[in-house]
A.B. asks: 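Here it is: the structure, laid out below.
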Number of protein chains: 2
Amino acid sequence: MDRPAPLVLLIEDEPQMRRFLRAALGGHDYRLVEAATAKEGLAQAAGRNPDVILLDLGLPDTDGLEVTRQLREWTRTPIIVLSARGREQDKVAALDLGADDYLTKPFGVEELLARIRVALRHASLQPGDAPDPVFEMGELKVDLAQRQVFRAGQQLHLTPTEYRLLVALVRHAGKLLTHRQLLQEVWGSNFITQTHYLRIYIMQLRQKIEPDPTRPRLLLTEPGVGYRFKAD
Amino acid sequence: MDRPAPLVLLIEDEPQMRRFLRAALGGHDYRLVEAATAKEGLAQAAGRNPDVILLDLGLPDTDGLEVTRQLREWTRTPIIVLSARGREQDKVAALDLGADDYLTKPFGVEELLARIRVALRHASLQPGDAPDPVFEMGELKVDLAQRQVFRAGQQLHLTPTEYRLLVALVRHAGKLLTHRQLLQEVWGSNFITQTHYLRIYIMQLRQKIEPDPTRPRLLLTEPGVGYRFKAD
DNA sequence: CGGCATCTTAACGCCGCCTTAACAAGCCCG
DNA sequence: CGGGCTTGTTAAGGCGGCGTTAAGATGCCG
C-alpha cells in the first residue's frame, strides 16, 4: 500500500501563488517540484516525470497554451490549468489542447486538492500498472500490497505480529535494526524494553521462513545490537 | 471506422435546463438520453450504457451525491456534475465520491462541451472494458451493472448490506481488506469500531456463496487483520 | 394496522495468538 | 575456570477474536 507520495510539478511564476500552493500541498503527503518559467517547466516535466502538473497560463516566456500543446506531444500526465483568465474561450482552448481541468483564480485549496485527487485517480486507472511492489530474496517472497508471504511458491501463514516484524525487517533489508527500533516499530513505544518478545518472534519467523531454522541465512543476529535481514 | 455519436445521459429535473442542454448538445453530433429522477437516471445508466453522464445534484427523490456513489459501485463512466451549489465542500464531496468534473450553474455551453470532450477523451484511453463489469471466480459470478449475483448459474438473493460487502471485497479481489476499510466502505465512518457487524455479515455471505460455509474457500479470514476475497 | 424482510443487539463456545515463565546454550570477562 | 550476561528454545495459561445462533428492533409494504 505504501507507494511514494505523488509528485506534483507546479509551473507558476508568481512567488505569492507559489508560496500559497506550497503551503496547501505541504500538509497532504505530496512532493512538490517548482518551475518559474515555461522552459524550466518543460524541462522538469521531462526530467522528473511528475504524477500531475499544475500549470499557470500567464507565464513570462511562453504562453501556457503552448506549454500544454508541447507537453501533449509526448506525455499524458494530467494537466490542471490554474489561470486568472476566466473567459470561456480560454477554458475551451486549454481543455481542447489536452488539459484535463481548468481552475479560475481565485480558487479554494480544498477544491484544488480534490481535483488533484481526481487527476491522480484517472492516471492510476490507466493501463501498464505494474503488478505489485514485491520483495524477493532467495526463495522468500513478500507481497506488501496483498499482505502475502511465500516461501518456494508456497504461501505461508503469519500471525499479525510475525508479519509486522517481518515487514519491518524486510523494508530495511540489509540494514541493521536495533532492538529498540524493532520493538518501537512492531509493538510501540511502551515496549522498547521487552527484548524478550523479539527473541520469541524472531525464532518463530525463522521456523517459518528459514530452510534450516537453527542456522539462519536470511534473518541474522547481530549480537548485542539487534537483527538484520540479509539483502541479495 | 466511424463510431456512433457519443451517448450522453442527462439526469436533471428542471425542464428549463433540460431544454437548454438539449439545444446545446443537439447541433454537435451527440445522442441524448434524459432522466428526470435519480431512480430513472440509475436505470438508464445501466440500461443504455452511456459514454458520459451529466448529473444535477438537486434531484427530487435522491441526493445527487448518493447517485454518484451508487453509480461508482459498478461503472467508471465519466460523471460531470452540474449544480447550483457552488460551495467548496459540495464540490469536494462530489469529486471524492467519484465524479470527474463539477460545473457550477450558470455555466457556458462551450465550456460544458469542452469538458464533455475531456471526459470522452479520458474514457477512450481506458482499456477496452466494454461490456458489463462482471467478476467471475470459480462458480461465483457478480454482475455489478445488473446488481445480480449467481452461484453455479443460480441467481442468489442478497440483502443490500450483504451485497455492498460482497462488492467491496470483490472489487479488491486478492487484496487484504482490514476491518476498518470494510466497515468504512460498507457502513460508513461512524461504524469503524463495530467489528461484530462484519462477523455477522461475513458469515451470512459465506452461507450463500460458499459451497461449504464452514470451510471457506473464497472469503478468507486473516486473523487479527481483516478479510480477503480469493483471486483466481 | 399487520406481516415480512432486514438490521441490530446480545450471548456463548472455541480456537489461536499473545504473553509469561523457565531453562539450556553460547559468549565475554574477570 | 567460573560467573553473569545475552540469546535460543520449549511449554503452558489466559485473553480476545471469531464463528454461530437467536431474539429483539426497525422499517417498508400492502
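The model shown is predicted, which means the values in this text are computed figures rather than measured ones. Labels below follow one simple rule: chain letters A, B, ... track the order of the sequence lines, proteins then strands, and each chain is numbered from 1.
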A.B. asks: Please give, in whole Å, the distance from C:dG16 P to A:Glu162 CD?
C.D. replies: 14 Å
A.B. asks: Which is true for B:Ile200 with a 4.0 Å heavy-atom rule: it touches a base, it touches only sugar-phosphate, or it touches nothing?
C.D. replies: base
A.B. asks: Can you measure from CG (A:Leu165) to CG (A:Leu158) and round to the nearest 0.5 angstrom?
C.D. replies: 10.0 Å
A.B. asks: Rounding to an integer number of Å, can you tell me how far B:Leu205 CG sits from D:dG19 C1'?
C.D. replies: 14 Å
A.B. asks: Within this structure, what is the CD1-to-C1' distance between A:Ile202 and D:dT10, rounded to whole angstrom?
C.D. replies: 17 Å
A.B. asks: Does B:Thr221 put a side-chain nitrogen or oxygen below 4.0 Å from OP1 or OP2 of D:dG19?
C.D. replies: yes
A.B. asks: Under 4.0 Å between a side-chain N/O of B:His179 and OP1 or OP2 of D:dG17, yes or no?
C.D. replies: no
A.B. asks: Is the shortest side-chain N/O distance from B:Thr159 to OP1 or OP2 of C:dT6 below 4.0 Å?
C.D. replies: no
A.B. asks: Is any side-chain nitrogen or oxygen of B:Tyr197 closer than 4.0 Å to OP1 or OP2 of C:dT9?
C.D. replies: yes
A.B. asks: Taking only Lys NZ, Arg NE, NH1 and NH2, and the carboxylate oxygens of Asp or Glu, determine whether B:Asp100 and B:Arg72 approach each other closer than 4.0 Å.
C.D. replies: yes
A.B. asks: Rounded to the Å, how far apart are B:Leu165 CG and C:dT6 C1'?
C.D. replies: 15 Å
A.B. asks: Starting at CD of A:Gln204 and ending at P of D:dT7, how long is that distance when rounded to a whole Å?
C.D. replies: 18 Å
A.B. asks: Do the side-chain N or O atoms of A:Arg206 get closer than 4.0 angstrom to the phosphate oxygens (OP1, OP2) of D:dT9?
C.D. replies: no
A.B. asks: More than 12 heavy atoms of other residues, nucleotides or ligands under 6.0 Å from CZ of B:Arg22: is that the case?
C.D. replies: yes
A.B. asks: Rounded to whole angstrom units, what separation is found between the CD atom of A:Glu222 and the P atom of D:dT6?
C.D. replies: 17 Å
A.B. asks: Which residue lies toward the 5' end of DNA chain C, B:Tyr201 or A:Leu158, if each is placed at its nearest nucleotide?
C.D. replies: B:Tyr201
A.B. asks: About how many Å separate CD of B:Gln89 and CD of A:Glu110, when rounded to the nearest 0.5 Å?
C.D. replies: 10.0 Å
A.B. asks: Can you tell me the distance, in whole Å, between the CD atom of B:Gln194 and the P atom of C:dT9?
C.D. replies: 7 Å
A.B. asks: Distance check: side-chain N/O of A:His196 vs OP1/OP2 of C:dC18, anything under 4.0 Å?
C.D. replies: no
A.B. asks: Rounded to the nearest 0.5 Å, what separates atom CZ in B:Arg164 from atom CZ in B:Arg147?
C.D. replies: 10.0 Å
A.B. asks: Taking CZ from A:Arg215 and P from D:dG8, how many angstroms apart are they, rounded to a whole number?
C.D. replies: 14 Å
A.B. asks: Taking 4.0 Å as the cut-off, does a side-chain nitrogen or oxygen of A:Trp187 come that near to OP1 or OP2 on C:dT19?
C.D. replies: yes
A.B. asks: Does a side-chain N or O of A:Arg199 approach OP1 or OP2 of D:dT7 to a distance below 4.0 Å, or not?
C.D. replies: yes
A.B. asks: With sugar-phosphate meaning primed atoms plus P, OP1 and OP2, does B:Thr195 contact a base, only sugar-phosphate, or nothing at under 4.0 Å between heavy atoms?
C.D. replies: nothing
